[in-house]
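When reading the values below, keep in mind they use all heavy atoms of this one structure, side chains included, and skip hydrogens, waters and symmetry mates. Computed from a predicted model, the values in this text were never measured in an experiment.
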Amino acid sequence: MDHPDPDPRPVPSPSRHRRRDALRDPVLRAAFAQGRRDIAGPALGTVAMGLVVGVAMAQSGLGLGVVLATSLLVFASTSQLACLPLVAAGAPLWIVAATACVLNLRFVVFSVSWRAYFGGHGRPVRMLLAYLAGDPVYARFAQAHPVAPPDGHATPQQQGYFLGLALTNWAAWQVSSLAGIALADVIPAAWGLRFIGVLALLALALPMLGDRAVRLSASGAAAVALATASLPMGLHVVAAIAAAVAIGIWADRRWRPAHAT
Amino acid sequence: MRLEADLYPGVAVVLLVLVTVGTRSFFLLPDREPRLPGWLRQGLRHAPVAALLAMVAPELPAIHAGAAPAWHDARFLAVGAALAWFAWRRDDITGTILAGTGTLMVLRIGFGWA
């Protein structure tokens, strides 16, 4: 039988079509450019830390393959710095994993907030976006978009902004880590690279101190961190977060009763 | 024994990657909304800045008993410059970082401070 096909072109799969159109959205692209601009300063901290971690990895005595794999895939500066000496010394794997978990615990808390923006997307997308969301990405995004979209599906503007922040930050990390590995012997300690990373974190924290309750909880966090700084495995950060949440709940009840539940 | 020793670093790297992925996407893994009590959800708004400051505080030189007195410590002045910039140009994160980093570089590389 003869069935002339009025439309002989193959029909593209609907989701691929949507994604391609989404990436052409001018709102998304403008937001992407804004994200790239907004991450530029904090990226200086990322670059500094990337160099520090690269140098540390190159000087750790581990094989080049391990170093490169770590550099490309782990993407967690505090874990890498703390765990590489453990691996180089042959520490038990459970200690390496536990140390990394504790040091990354703050990201577990961040993921509660990310849920409001990305919860509506598929799981692989959610995991990939979260993987890319380091400290400066979280801080910048939270400041620019404090209100979550109603259905857990980020708006094109939020998507573009997030990608601008995250992809730029990731690229900065990769380049600087590799540079650190390659230039390990020639980077002078006098540059104080690690402290530049500290300055970046401080700069990211300051705008978050918007109200009295947060300032109080933040002071408590700093005090607890200093008091517990000698604890191993970055536990002082966990202690500080716990203290801040406790103080914050009290302070919110007292000073922002309309907001507190 | 030799095979185990060869595998050890590779397995460690795999574990580290899994930890990064798992911790960053922890509450994003379930398809259904995780049920956190309201008071905790509210309280968690204090967590991010607490985490950042907890990483910063132990590294600040004024509180740390450093070798050089505070006025001669480039890091101390770098933090001062950063805070001053922030106080002047509120919410300019990039400028704050540059002010602090610039001060640090000038004092360390230009003047040879510690």
Side chain / backbone / both / neither for A/Cys83 at chain B, heavy atoms under 4.5 Å: side chain
Chain A: which of B/Pro48, B/Gly95, B/Ser25 shares the most heavy-atom pairs with it under 4.5 Å? B/Pro48
Quick one: which of A/Ala69, A/Gly90, A/Ala48 has the most heavy-atom pairs under 4.5 Å with chain B, could you say? A/Gly90
According to the ring-ring contact (aromatic ring centres under 6.0 Å, His included) rule, which pairs have a member within residues 80-111 of chain A, sequence neighbours left out? A/Phe107-A/Phe110, A/Phe110-A/Tyr138
For A/Leu93, is it the side chain, the backbone, both, or neither that has a heavy atom closer than 4.5 Å to a heavy atom of chain B? both
Give me the ring orientation class for A/Trp114 and A/Phe118: parallel if the planes are under 30° apart, tilted from 30 to 60°, perpendicular past 60°. parallel
Tell me, with the steps shown, if A/Arg36 and A/Leu165 meet side chain to side chain contact (heavy atoms under 4.5 Å, CB included). CA-CA 5 Å; A/Arg36 241 186 17 220; A/Leu165 295 176; over 6 Å; no
Using a 4.5 angstrom heavy-atom cutoff, name the option from A/Arg194, A/Gln80, A/Arg37, A/His121 with the most pairs to chain B. A/Arg194
Spacing of OG belonging to A/Ser177 relative to CG belonging to A/Leu72, to within rounding of 0.5 Å: 8.5 Å
Flag, side chain of B/Tyr8 to backbone of A/Ala91, donor-acceptor distance under 3.5 Å: yes
Does B/Asp31 form a salt bridge (Lys or Arg N to Asp or Glu O under 4.0 Å) with A/Arg126? I'd like the steps, not just the answer. CA-CA 10 Å; B/Asp31 278 331; A/Arg126 298 200 302 261; 3.0 Å; yes
With a 4.5 angstrom heavy-atom cut-off, is it the side chain or the backbone of A/Asn104 that approaches chain B, or both, or neither? both
Where the side chain of A/Arg106 meets the backbone of A/Leu103, is there a donor-acceptor pair that is under 3.5 Å apart? yes
Contacting moiety of B/Leu29, where chain A heavy atoms sit under 4.5 Å: both
Interface residue of largest heavy-atom contact number with chain A, from B/Leu18, B/Val11, B/Leu28, under 4.5 Å: B/Leu28
Count the heavy-atom pairs under 4.5 Å between each of A/Leu128, A/Ile196, A/Asp38 and chain B, then report the option with the highest count. A/Ile196
CZ of A/Arg254: more than 12 outside heavy atoms within 6.0 angstrom? no
Between B/Leu15 and chain A, with a heavy-atom cut-off of 4.5 Å, which part of the residue counts as in contact: side chain, backbone, both or neither? side chain
Cation-pi check for B/Phe27 against A/Arg115: NZ or CZ below 6.0 Å from the six-membered ring centre and within 45 degrees of the axis, yes or no? no
Leading residue by heavy atom contact count with chain B [cutoff under 4.5 Å; candidates A/Leu73, A/Val66, A/Val87]: A/Val87
Taking side chain as everything from C-beta outward and backbone as N, CA, C, O, which of these in A/Ile247 sits under 4.5 Å from a heavy atom of chain B? Side chain, backbone, both or neither. neither
Chain B: which of A/Ala203, A/Gly119, A/Gly134, A/Ala221 shares the most heavy-atom pairs with it under 4.5 Å? A/Ala203
Heavy-atom proximity to chain A below 4.5 Å, by part of B/Arg90: neither
Pick from B/Val13, B/Thr96, B/Leu98: which one has the most heavy-atom pairs with chain A under 4.5 Å? B/Val13
Go through A/Ala97, A/Ala213, A/Ala142 and name the one with the most non-hydrogen pairs under 4.5 angstrom from chain B. A/Ala213
Under 4.5 Å heavy-atom distance to chain A, tell me which part of B/Pro30 shows up: side chain, backbone, both or neither. both
Whether the side chain of A/Ser60 engages the backbone of A/Pro85 through a donor-acceptor N/O pair (distance < 3.5 Å, no angle test) should be reported. no
Between A/Thr228 and A/His236, do the side chains contain an N or O donor and an N or O acceptor separated by less than 3.5 Å? no
Largest heavy-atom contact set with chain A, pairs under 4.5 Å, which of B/Thr94, B/Leu52, B/Thr23: B/Thr23
So which residue, B/Thr101, B/Ile93, B/Asp91, ends up with the most heavy-atom pairs under 4.5 Å with chain A? B/Ile93
Evaluate A/Asp211 against B/Arg45 for salt bridge (Lys or Arg N to Asp or Glu O under 4.0 Å), listing each step before the verdict. CA-CA 12 Å; A/Asp211 61 84; B/Arg45 82 178 182 100; 3.1 Å; yes
